[in-house]
Amino acid sequence: MPKTLLVTGGAGFIGSCFVLQARQRGDRVITLDKLTYAGNPDNLASQAHDPDHIFVQGDIGNAELVRWLLLRYAPDAVLNFAAESHVDRSILDPEAFVRTNVLGTSTLLRVVTNWWADLPESRKASFRFLHVSTDEVFGALQPGDPAFTETTPYSPNSPYSASKAGSDHLVRAFHETYGLPILITNCSNNYGPRQFPEKLIPLMLLNALEGKPLPVYGSGSNIRDWLHVEDHCAAIALVLEKGRVGESYNIGGHSERTNLEVVRTICAFLQEEVPSSRQYADLISFVTDRPGHDFRYAIDCSKIERELGWKPAHSFATGLQDTVRWYLANGRWVENVRSGAYREWLDRNYSSRTTMG
Ligand code: NAD
Ligand code: TYD
C-alpha cells in the first residue's frame, strides 16, 4: 500500500537517496529541508515535475510550518534525516549542532506528538516516527573490541555525536512519556552518490582529480565500517515497515577499513578510470589529527538481519568503484556544490593543520 511520508532533510546525501527510493516504491513524499550548505536541490532534480513529490524549504524547528504540513498532508510516517552531520564542523561550531539536532528534533517531536494524539485510533496505531541516527553515539572502539549492539551504552565523544545522542534520547523519551510510536536506526559511515565533498570519500576523490594533497588525519589507522547509502535507505524502509515500535536497529556494512586503506583504494580506482603518469597515492599527506578522533566504529547488525531479514546488496569494493564513476560522470553536480562557501570551509578546516609527511 503506498504511503504518504514526511521526510525531513530529504535534500541531503542520505535523505535524497531515501526520497528517490520511496518514489520508486510509489509512496507520496513531502520533503522538508532547510537547504543548509549540505542541502542540495540538485539531489532531487529528477523529481522536479513529479506531482507526488512536494518540496518545502523550511526548518524542523519551525513549529508552525511543521504543524501546517501535518494538517495539510496527514502523513502515515515522519522520517527525520535532518541534521547537522559533519564532525569537523561540530568541533568548530558546536551550537549549530545543538540547535538543529537537539532543539530542532525536540520541536519536531512535540508538534508531531500533539498532532498524532488527535488522530483516530487506527491511524494513531499505524503512524510511525522514524529517527535516523548514527553509530557514533556509542563512542569509540579499540581493535578487538566487540562491535556495537543496540544495547551498547551511549558514550559520544564529539559535539556531533553528543547532539545525535541527545536527539535519540528525546525520541525514546517521547515514546515512553507520550506513547508516540517511534523507531530509531543507528547506522555506520555511508558512502555513495551525492555525498557532500566535506566527508572523507568524496573529498579525497575530488582532491585527487585536482592534483591536490589528500589530507589523512593522524596516521590514517582509524577504522570506519562503510555501508552504501542505498543499502542504508533500504534498511530504513524495512524498519519503517516491519520494525517493532519503540526499538532501535543497528545498520552496518561488515566493511571495516582503515582510512588509509580507503584512500589508497580510491587512488587505485582513479588510476584505472583516469590514468595519469603521476600516482594519485603520491598525493597522500598526513596532517594534524582531529581532536577527540574516535579510533574505531564497528556495527553488529545481527538484530536487523535476524528480525527483518535485511542484508546489504553492495560490496564495498564494487560500491566504491561505482561511487568513483558517479562523481566522474556528474561534473555538473560537483561544480555546483563547490561554491564559494565550500572553498571557505576547506580553508577553515585544513589551513591550520600541519603536514606530517
Ligand atoms: P547531510 O548533511 O548530507 O544532509 C542533512 C540535510 O538536512 C541537508 O539537506 C540539510 O539542508 C538538512 N537540514 C539541516 N538542518 C536542518 C533543519 N534545521 N531543518 C530542516 N532541514 C535541515 O547529512 P546525511 O549524511 O545525509 O545524513 C542524514 C542523517 O543520517 C543525519 O541525521 C545523520 O546524522 C545520519 N547519519 C549519517 C551517516 C553518514 O555517514 N553520512 C551515517 C549514519 C547516520
Ligand atoms: P568523515 O567522512 O568526516 O566521517 P566521520 O567523522 O563521521 O566518521 O571521516 C571519516 C574518517 O576519515 C574519520 O576517521 C576522519 C577521517 N578523515 C581524514 O582523515 N581526512 C579528512 O580530510 C576527513 C574529512 C576525514
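All ligand and atom numbering here is 1-based and tracks the order in the structure. If you're wondering where the values come from, they're calculated on a predicted model, not measured in any experiment.
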Intermediate values then yes/no, ring-ring contact (aromatic ring centres under 6.0 Å, His included), F196 and F13
CA-CA 7 Å; F196 191 78; F13 164 51; over 10 Å; no
Consider side chain to side chain donor-acceptor pair (under 3.5 Å). Of S161, S163, S133, which one does N101 pass it with?
S163
Result for side chain to side chain contact (heavy atoms under 4.5 Å, CB included) between T4 and one of D27, D52, I30, I54 points to I30
Check ion pair [X]-[Y] (N to O, under 4.0 angstrom):
X    : Y    : result
K303 : E247 : yes
E64  : R67  : yes
K34  : D59  : yes
R224 : E136 : no
R89  : E198 : yes

Nearest-neighbour protein heavy atom for [atom], which is reported as residue plus atom name and distance:
atom                    : answer
atom 3 (O) of ligand 1  : F13 N, 3.1 Å
atom 41 (N) of ligand 1 : I14 CD1, 3.7 Å
atom 16 (C) of ligand 1 : K34 CB, 3.8 Å
atom 19 (N) of ligand 1 : I60 N, 3.0 Å
atom 43 (C) of ligand 1 : C187 O, 3.3 Å
atom 2 (O) of ligand 1  : S85 OG, 2.7 Å
atom 34 (O) of ligand 1 : Y160 OH, 2.7 Å
atom 42 (C) of ligand 1 : S188 O, 3.3 Å

Which value, rounded to the nearest 0.5 Å, describes the distance between [X] atom [atom1] and [Y] atom [atom2]?
X    : Y    : atom1 : atom2 : answer
I266 : M204 : CD1   : CE    : 7.5 Å
T107 : L65  : OG1   : CG    : 12.0 Å
N157 : D294 : CG    : CG    : 4.5 Å
L108 : I60  : CG    : CD1   : 5.5 Å
L130 : I182 : CG    : CD1   : 8.5 Å

Sub-4.0 Å heavy-atom contact, [X] with ligand 1:
X   : result
F81 : yes
G58 : yes
T8  : no
G61 : no
S16 : no

If you measure every N or O of [X] against every N or O of ligand 1, does any of those distances drop under 3.5 Å?
X    : result
G12  : yes
T36  : yes
Y37  : no
N40  : no
H232 : no
N190 : yes
D59  : yes

Across all chains, not counting sequence neighbours, the ring-ring contact (aromatic ring centres under 6.0 Å, His included) partners of Y178 are F174
Check ligand 1 against [X] and write out every atom of the ligand that is under 4.0 Å from a heavy-atom position of the residue.
X    : answer
S133 : 43 (C), 44 (C)
N189 : 40 (O)
V132 : 30 (O), 32 (O)
L35  : 11 (O)
A11  : 9 (O)

Sorted by first residue and then second, give each salt bridge (Lys or Arg N to Asp or Glu O under 4.0 Å) pair with at least one member in residues 255-265; sequence neighbours left out.
E256-R296
Could you name each residue pair satisfying salt bridge (Lys or Arg N to Asp or Glu O under 4.0 Å) that touches residues 117-129, not counting sequence neighbours?
D76-R123
Below a 4.0 angstrom heavy-atom separation, can you tell me which part of K164, side chain or backbone, both or neither, approaches ligand 1?
side chain
Note: N80, heavy atoms under 4.0 Å from ligand 1, region reported as neither
Shortest heavy-atom approach to atom 14 (C) of ligand 1 - which of A38, A83, A82, G192:
A83
Under 3.5 Å, N/O to N/O: give me all the pairs between ligand 2 and the protein, one per line with atom names and distance.
| from | atom 1 | to | atom 2 | distance (Å) |
| --- | --- | --- | --- | --- |
| ligand 2 | 2 (O) | L200 | N | 2.9 |
| ligand 2 | 3 (O) | R290 | NH2 | 3.0 |
| ligand 2 | 4 (O) | N189 | ND2 | 3.4 |
| ligand 2 | 6 (O) | R290 | NH1 | 2.5 |
| ligand 2 | 6 (O) | R290 | NH2 | 3.2 |
| ligand 2 | 7 (O) | E136 | OE2 | 2.5 |
| ligand 2 | 8 (O) | N189 | ND2 | 2.9 |
| ligand 2 | 8 (O) | R224 | NE | 2.8 |
| ligand 2 | 12 (O) | N259 | ND2 | 3.4 |
| ligand 2 | 14 (O) | R224 | NH2 | 3.2 |
| ligand 2 | 14 (O) | N259 | ND2 | 2.8 |
| ligand 2 | 14 (O) | H293 | NE2 | 2.7 |
| ligand 2 | 19 (O) | Y217 | N | 2.8 |
| ligand 2 | 20 (N) | P215 | O | 2.8 |
| ligand 2 | 22 (O) | P215 | O | 3.3 |
| ligand 2 | 22 (O) | Y350 | OH | 2.6 |

Would E307 and R244 count as a salt bridge (Lys or Arg N to Asp or Glu O under 4.0 Å) if you check the C-alpha gap in whole Å, the side-chain angles of each, and the deciding distance to 0.1 Å?
CA-CA 9 Å; E307 289 190 14; R244 284 185 289 133; 2.7 Å; yes
After noting the C-alpha distance and the side-chain angles of F286 and Y217, does the key distance pass the ring-ring contact (aromatic ring centres under 6.0 Å, His included) rule?
CA-CA 6 Å; F286 296 93; Y217 296 163; over 10 Å; no
Could you check whether any side-chain N or O of N207 sits under 3.5 Å from a backbone N or O of P213, counting only pairs where one atom can act as donor and the other as acceptor?
yes
R25 NZ/CZ over F18 ring centroid, <6.0 Å and within 45° of normal:
yes
